[in-house]
Number of protein chains: 2
Amino acid sequence: MPTSKDVAQAAGVAQSTVSYVLSGKRPISEKTRKKVEAAIEELTYQPNAGARALAGRRTRVIGLVIPFIPELEMASLMEFVSVIASTARQFDHDILLVTEDEGAAGLRRVVGQQICDGLILMQVEDEDERLPVARTLNVPVLLIGIPRDPSGLVCIDADFEVAGDQCVRDLAAAGHSVISIIEWQPAVVNRHVNYVDRFMRGADGAAETLGVAVQHFPGGADVAIISESVDKALAATQGIPAFIAPDRTIQDILRRALAARGLTPGVDVSVIGSASPTLAELQPVPLSTIDLRPKEVSRRAVKIICDLLEAENHGPHESLELVPTVITHRSSTLRPPHGS
Amino acid sequence: MPTSKDVAQAAGVAQSTVSYVLSGKRPISEKTRKKVEAAIEELTYQPNAGARALAGRRTRVIGLVIPFIPELEMASLMEFVSVIASTARQFDHDILLVTEDEGAAGLRRVVGQQICDGLILMQVEDEDERLPVARTLNVPVLLIGIPRDPSGLVCIDADFEVAGDQCVRDLAAAGHSVISIIEWQPAVVNRHVNYVDRFMRGADGAAETLGVAVQHFPGGADVAIISESVDKALAATQGIPAFIAPDRTIQDILRRALAARGLTPGVDVSVIGSASPTLAELQPVPLSTIDLRPKEVSRRAVKIICDLLEAENHGPHESLELVPTVITHRSSTLRPPHGS
DNA sequence: ACGCATCGTCGATACGCATCGATAAATCGA
DNA sequence: TCGATTTATCGATGCGTATCGACGATGCGT
């Protein structure tokens with residue numbers, strides 16, 4: 001592996017000059033720069049990350065702390081990971097995987113060893129054991145999700161509260177007076193993953209304002225659970241029933257449960273679900289969806305933390321950014337109030 | 001951040017002694033070790049990764065090159081990632097994400113900058129642009145998957161050929177003389193992801209040996225495609241039909257297609273599918289499955305590359321390891337030849 | 001033509017750790 | 001008891017880069 005000294009020698013300049021050509025932190029004459037760049041090309045030189053980290057006190061690596069909980073929507077988690085990784089590359093950073101099973105100690109480790117310049121935490125819970133640690137780390141930490149007490153932390157997430165509010169408003173405007181929400185999988189609810197509560201708060205708030213009823217039922221990967229929830233919901237509904245099901249993993253089961261009861265979405269039942277646009281369109285009855293903007297959240301998350309890394313002022317920050325969600329009405333809801 | 005020099009000072013020894021306490025590469029007296037360990041504890045010292053990499057020419061990081069192709073089974077990909085990451089930790093290594101969109105240049109980058117000591121490549125295709133690069137890198141590279149020409153490469157994967165063979169044998173033994181395979185999603189097949197061909201080779205081979213017929217039909221996330229495949233398969237079948245569907249993403253669609261045609265798995269049709277044991281058990285008719293051992297493949301992959309890293313002999317290696325798959329007969333196949 | 005600021009480059013140093021050779025201390029045999 | 005080993009520790013050096021101060025060269029105004 002060639003070093004910057006080799007490049008310097010090949011170009012007939014000092015090693016420091018090579019460094020300045022690369023960083024642009026001091027003026028370099030056109031002639032010299034050409035020579036150095038030619039030498040770099042010639043030797044296919046690439047700076048050594050370890051040495052760079054040591055001398056520059058910057059690794060250009062961001063730690064991504066992911067939970068691997070089988071019950072979660074792995075496919076959508078992957079979407080986050082994918083977008084985070086490629087966005088990080090756009091900011092000239094790399095992503096290091098930190099698995100949940102190391103727990104809070106993992107955070108201390110990667111920061112203590114200075115493997116990472118900063119961290120992104122996913123799947124933040126209301127009372128998360130990682131938070132006290134995160135607050136004391138003297139590197140930027142970005143949470144995807146909003147814990148009960150976000151003080152002293154930098155958070156971003158989809159605006160689940162407005163999402164819940166909007167779903168209820170749209171269904172109410174379509175004429176429904178009783179709206180049933182099928183919740184996330186129990187594993188998610190029980191972990192007190194923060195977004196569940198926020199969604200429900202928004203939905204309940206809208207219901208109160210508009211004078212409609214919102215009822216909650218358990219979700220789950222199990223057909224029996226969904227069947228029971230649907231039956232209870234139908235029994236408690238006057239008029240045309242409406243369902244909101246923001247958990248992607250239960251879409252199929254719900255749809256079949258409704259079909260089994262002779263209900264056709266868009267005709268004698270309204271459904272707002274969650275699915276990629278492609279999948280939503282492919283349904284027998286194209287599904288109205290609430291898009292929780294995973295890609296946009298991921299992009300902004302990386303941007304925020306990279307900005308913090310630039311800022312260099314690693315004192316305690318605090319901020320909260322909510323990404324607007326998007327409801328798309330297709331055919332599974334009655335009389336969509338706004339087109340598309 | 002405390003350094004080893006700080007620790008040395010606190011313990012009243014030389015910095016090199018601290019280093020030897022940590023590495024164990026030279027004998028240290030009990031007394032001195034205690035002092036040093038106490039100082040480490042006291043200062044919560046953690047060695048600086050950059051300095052360690054620079055001096056020791058080892059980063060203890062493994063690059064994981066993942067494809068993010070929406071059509072793939074993201075959930076099962078995540079299973080690989082998860083197990084790889086935690087296994088790597090057991091070997092005291094970390095995982096750096098390298099996204100596919102950097103292409104082969106990404107490999108050159110992370111190796112050239114010496115961010116990684118080695119690489120794991122996932123989703124290897126028959127003619128993969130990364131392979132020529134991989135062969136010339138002077139770090140260990142481990143492929144999960146087997147390309148058309150594996151010479152000079154270290155590969156591991158599930159034994160898809162035996163899996164195909166075994167599925168056909170079991171169904172033939174259950175009395176089926178015509179067996180229909182619903183293939184992976186077109187996006188997978190078209191990319192010439194190597195395992196598709198291997199599976200089919202095994203299945204076709206067994207069919208020839210046993211004198212039964214195997215027919216292939218396209219898979220897909222689309223209900224229409226599966227419906228058409230099922231209809232064609234049924235039309236071409238004498239006696240009780242049998243299906244093999246190794247792609248996890250099409251299980252639900254296939255099951256519904258069969259139900260819609262009045263067929264009950266285990267009674268008037270046999271089905272070998274693919275799903276986690278939990279999910280398989282939860283089906284209306286518990287699904288017989290072919291387990292492609294993603295966890296075991298991941299674990300062994302990490303072990304192999306860590307062994308190569310230990311070996312230190314980074315000359316060209318070549319090896320091929322196949323992980324046996326497991327067929328579990330539940331209720332969706334006729335007369336299971338071996339129980340449970 | 002002369003002092004002065006500016007530009008471009010060099011040399012030296014620090015970053016934190018691993019490792020090698022050397023040295024002091026302890027152990028052993030005869 | 002003295003030299004020969006062995007054991008435990010120290011000091012010095014190198015890893016490859018970033019950065020700071022210094023210095024010669026160049027251009028400026030007067």
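Chain A is the first sequence line, chain B the second, and so forth, proteins listed ahead of strands; every chain is numbered from 1. Heavy-atom basis, side chains included; hydrogens, waters and symmetry copies ignored. These figures come from a predicted structure and were not determined experimentally.
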More than 12 heavy atoms from other groups under 6.0 Å of CD on B/E318: yes
Separation of atom CD1 in B/I28 from atom C1' in C/dT19, rounded to whole Å: 13 Å
Atom-to-atom span, CD1 of A/I115 to P of C/dG16 - whole angstrom: 16 Å
Partner residues of A/D128 under the side-chain contact (heavy atoms from CB on, under 4.5 Å) criterion, sequence neighbours left out: A/V124, A/E125, A/R130, A/L131
With sequence neighbours excluded, residues passing side-chain contact (heavy atoms from CB on, under 4.5 Å) with B/R109: A/Q46, A/R89, A/D94, B/E102, B/Q113, B/I115
Atom-pair distance (CD on B/E30; C1' on C/dA26), nearest Å: 17 Å
Base-contact (B) and sugar-phosphate-only (S) positions in nucleotides 15-21 of chain D, heavy-atom cut-off under 4.0 Å, - elsewhere: BBBBBBB
Sugar-phosphate, base or nothing in reach of B/V13, heavy atoms under 4.0 Å: sugar-phosphate
Between OG1 on residue A/T3 and CG on residue A/L43, distance to nearest 0.5 Å: 9.0 Å
Value rounded to 0.5 Å, distance of CG in B/L77 from CZ in B/F68: 7.5 Å
Atom-pair distance (CZ on B/R60; P on C/dC17), nearest Å: 16 Å
Partners passing side-chain contact (heavy atoms from CB on, under 4.5 Å) against A/E296 (at least two apart in sequence or in another chain): A/R293, A/R299, A/R300, A/V323
Modelled atom types, side-chain donor and acceptor of A/D101 and B/S86, under 3.5 Å: no
Per-nucleotide pairing state of DNA chain D [Watson-Crick or G-U, under 3.5 Å; [ ] pseudoknot-crossing; | other strand]: ||||||||||||||||||||||||||||||
side-chain contact (heavy atoms from CB on, under 4.5 Å) against A/A85, all qualifying residues, sequence neighbours excluded: A/I95, B/L97, B/T99
